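Proteins come first, then strands; the chains are lettered A, B, ... in the order of their sequence lines, and each starts at number 1. This structure is a prediction, so every number in the text was calculated from the model and none was measured.
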2 protein chains.
Amino acid sequence: MILTTKHKELIERIGVFHEHKGMQPLVGRIIGLLLVHEEGEVSFDEIVENLGVSKSAVSNALTFLQAKDRCVYSTRPGDRKRYFALKVSDWREDFEKELLDIAEIQKFIDEVLEVRTQKNPEFNCKMKDFSNFLGFFKKEIPLLFERFKNQQG
Amino acid sequence: MILTTKHKELIERIGVFHEHKGMQPLVGRIIGLLLVHEEGEVSFDEIVENLGVSKSAVSNALTFLQAKDRCVYSTRPGDRKRYFALKVSDWREDFEKELLDIAEIQKFIDEVLEVRTQKNPEFNCKMKDFSNFLGFFKKEIPLLFERFKNQQG
DNA sequence: GATTAGGTTCTGTATTTGCAGAACCAACAG
DNA sequence: CTGTTGGTTCTGCAAATACAGAACCTAATC
């Protein structure tokens, strides 16, 4: 597949989006490429060529993506190349994990509340509210997916 | 206020939690200190002393936190010191912003769908599902806060 | 008008990151 | 057993980060 300027520009933007999430630049670009590539499966050297980076960098980035379970490769009979693809089917679990991740702050809020004195009741009260909300939020996550499934019909 | 080992250890852990979110180390430690400190308001040099860092580092970190609207300072009559505090009251807006932020990926998914051919319908279909869910999710966010308020009584 | 208190801005630097390039390895092909 | 393909691991470096320390600024104080 030959990438147009539009493709490349979109890949870059997807790249910086993922950089903001803490990933290293190339990892974000690879995610972009795997999303944009029409077959969804892209060989190692196609990645090297399309992104214009070294084999070593691609190798490390793919190892990382596989470790994070965001990417897999398949092979074809009589072909030693690996064809990499995103695990798009896992979007539910991945998104759920992200939500639980940002709710993780509750653990710290609760520890903070245990350690704090009563010197600033208003502060404590707001923190307690936040903690309660986070508890509520965590319980709501599975229901959210269920409601989505139902309204889909 | 004198910090115990327990306080300090909790501050460190809150620090690394925020580092994982992309913040620089000291910024995370300051958030931890402001959370743990019993008055909730902490002077500039109390931060310097308790965290054992330079004035310049603290100054930059506080500038950053104020720019991000996570922190404010107040002053007291006849006292030139600034007393810094977290904007704990903003937890709703902050959390909502975080949720919208992770749903931002929808924008890219949709762009990707516009650019993709029909060569891999299964892939496209799953991406479309994900996009639909993200749209649903965004609409659910305000309802979530409402439901929380109601069940609180 | 010199000094001090409370910060801020500038300059330098140790550490970390992110990648390139080369050496390397394993499997298969001739 | 030699060469080639497909990829990994090792070594090194340029750039970015995150902070220290010093110089600096500003308002109050003597």
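B:Val53 comes within 4.0 angstrom of sugar-phosphate atoms only, judged by non-hydrogen atoms across all strands, and of no base. Heavy atoms of A:Lys55 sit under 4.0 angstrom from at least one base atom.
No hydrogens or angles were tested; on distance alone, nothing pairs the side chain of B:Arg80 with the base of D:dA28 as donor and acceptor under 3.5 Å. With hydrogens and angles ignored, a donor-acceptor pair under 3.5 angstrom links the side chain of A:Ser56 to the base of C:dG21.
At least one donor-acceptor pair under 3.5 Å links the side chain of A:Gln66 to the backbone N or O of A:Leu62. A donor-acceptor contact shorter than 3.5 Å links the side chain of B:Asn124 to the backbone of B:Thr117. A side-chain donor-acceptor contact under 3.5 Å links A:Asn120 to the backbone of B:Glu39.
The side chain of B:Arg82 contributes an N or O atom lying less than 4.0 Å from OP1 or OP2 of C:dT8.
The nucleotide whose nearest atom lies closest to any side-chain atom of A:Leu26 is, among D:dA20, C:dG6, C:dC19, C:dC19. Nearest to the side chain of B:Ser54, among D:dC19, C:dC19, D:dA20, sits D:dA20.
Nearest-nucleotide positions on DNA chain C place B:Ser43 closer to the 5' end than the other of A:Ala57 and B:Ser43.
A donor-acceptor pair shorter than 3.5 Å can be found between the side chains of A:Glu46 and A:His37.
Here the P atom of nucleotide D:dT8 and the CG atom of A:Asn60 are 9 Å apart, to the nearest Å. Rounded to whole Å, the distance from CD1 on A:Ile30 to P on D:dG7 is 13 Å. Per the geometry, CZ belonging to B:Phe64 stands 20 Å off C1' belonging to C:dG7, to the nearest Å. B:Phe84 places its CZ atom 6 Å from the P atom of C:dG7, with the value rounded to the nearest Å. Summarising the geometry, the separation between CG on B:Asp45 and P on C:dT8 is reported as 12 Å, rounded to the nearest angstrom. Separating the OH atom of B:Tyr83 from the C1' atom of C:dA5 is a distance of 12 Å, rounded to the nearest angstrom. Atoms CD (B:Gln24) and P (D:dA16) sit 16 Å apart, rounded to a whole Å. Rounding to whole angstrom units, CG of residue A:Leu62 and P of D:dG6 are separated by 15 Å.
With B:Tyr83 as the aromatic partner, B:Arg76 meets the cation-pi criteria of under 6.0 angstrom to the ring centre and within 45 degrees of the ring axis.
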